[in-house]
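Everything on this sheet refers to the single structure shown next.
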Amino acid sequence: MGKVVVIDHPLIQHKLTLIRDKNTGSKDFREIVKEMSMLIGYEITRDLPLQEVEIETPLCVTKSKSIAGKKLGLVPILRAGLGMVDGILQLIPAAKVGHVGLYRDPETLEPVEYYCKLPTDVEERDLIVLDPMLATGGSAIAAIGFLKDKGVTNIKLACIIASPEGIKAFHDAHDDVDIYVASVDEKLNDHAYIVPGLGDAGDRLFGTK
Ligand SMILES: O=P(O)(O)OC[C@H]1O[C@H](OP(=O)(O)OP(=O)(O)O)[C@H](O)[C@@H]1O
Ligand SMILES: O=c1cc[nH]c(=O)[nH]1
Ligand SMILES: [Mg+2]
């Protein structure tokens with residue numbers, strides 16, 4: 001069964017409070033989402049394999065550790081996932097970035113795909129899928145189903161807020177994918193928004209409402 005890793009580090013929890021606040025404007029919202037993504041990225045890459053390498057310090061030759069040539073990829077779910085890319089890329093600049101465009105139909109709540117561009121060798125990469133909000137789970141379920149259809153086998157999901165309903169639906173569909181999240185909130189409301197949540201992450205990032 002996939003894990004749910006709630007990252008309760010004080011810095012993450014403090015920043016989450018700031019972006020939940022409806023008075024936080026787009027500029028600050030973007031900056032804080034980027035900072036939180038870097039911190040989530042630190043945790044999500046904790047199990048990257050290391051190899052021993054020989055280097056020379058100014059004093060002597062020594063053995064030291066370096067990341068063992070893993071091919072990584074980030075896949076933001078557009079639009080809101082875009083806000084999480086730069087923070088993680090700062091930590092792992094060699095990662096390739098694929099994009100999956102999905103929006104949630106406001107009537108049916110079903111995800112609608114409108115864009116997809118992935119690295120050509122995507123099936124050889126370990127992927128981190130990025131989306132700040134896991135609400136019904138429909139968007140993340142569809143995006144990851146799509147990546148699995150392309151042959152990808154090793155995927156983690158990085159979110160900022162998840163609902164209990166979304167986590168259940170997600171793991172019913174993809175029980176091999178671990179979820180990393182800053183908070184599991186109380187519930188979904190009648191419009192499938194996360195409560196207390198932070199509102200519409202895409203609109204708050206890009207100022208579209
Ligand atoms: O778990 P779900 O019920 O599928 O909801 C979560 C999705 O909804 C939001 O996207 P939205 O449709 O608002 O598109 P946007 O990112 O372009 O704003 C959010 O960024 C997730 O992708
Ligand atoms: O609470 C929610 C639910 C879906 N999408 C969002 O951006 N926020
Ligand atoms: Mg949105």
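Everything quoted here is computed from the prediction, not taken from an experiment. Start at 1 and go down the list; that is how both ligands and their atoms are numbered.
Here the closest heavy-atom approach between residue Ile128 and residue Ala158 is recorded as CG2-CB, 4.0 Å.
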Subject >> Step-by-step side chain to side chain donor-acceptor pair (under 3.5 Å) determination, Arg20 to Ser183 >> reply: CA-CA 11 Å; Arg20 283 191 194 278; Ser183 174; 3.2 Å; yes
**OP:** Please step through side chain to side chain contact (heavy atoms under 4.5 Å, CB included) for the pair Leu39 and His9, ending with a clear verdict.
**Re:** CA-CA 9 Å; Leu39 295 167; His9 190 287; 5.7 Å; no
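Between Asp200 and Arg204 there is no salt bridge, since none of the side-chain N atoms of the basic residue sits less than 4.0 Å from a carboxylate O of the acidic one.
If you chain together hydrophobic residues whose side chains sit under 4.5 Å apart, Val184 and Ile40 never meet in one group.
The N, O or S atom of Asp200 with the smallest distance to the Mg ion (ligand 3) is OD1.
Contact shell of ligand 2 (protein heavy atoms, cutoff 4.0 Å): Arg104, Met133, Ala135, Ala192, Tyr193, Ile194, Gly199, Asp200, Ala201. If you look at ligand 1, the protein residues with a non-hydrogen atom under 4.0 Å away are Leu78, Arg79, Ala80, Tyr103, Arg104, Asp131, Met133, Leu134, Ala135, Thr136, Gly137, Gly138, Ser139, Asp200, Gly202.
Among residue pairs with one or both ends in residues 68-92, those qualifying as side chain to side chain donor-acceptor pair (under 3.5 Å) are Lys34-Gln90, Lys70-Asp126, Lys71-Asp121, Lys71-Glu124, Arg79-Asp203, Arg79-Thr208; sequence neighbours excluded. For residues 21-30, the salt bridge (Lys or Arg N to Asp or Glu O under 4.0 Å) pairs, not counting sequence neighbours, are Lys27-Glu31.
In terms of modelled atom types and a separation under 3.5 Å, the side chain of Lys15 and the main chain of Glu35 share no donor-acceptor contact. Between the side chain of Ser163 and the backbone N or O of Lys187, no donor-acceptor pair lies under 3.5 Å.
The side chain to side chain contact (heavy atoms under 4.5 Å, CB included) with Leu127 is formed by just one residue from the set Val122, Leu157, Asn154; it is Val122.
Because the distance cut-off is set at 2.8 Å, Asp203 fails to qualify as a neighbour of the Mg ion (ligand 3), as none of its N, O or S atoms comes that close.
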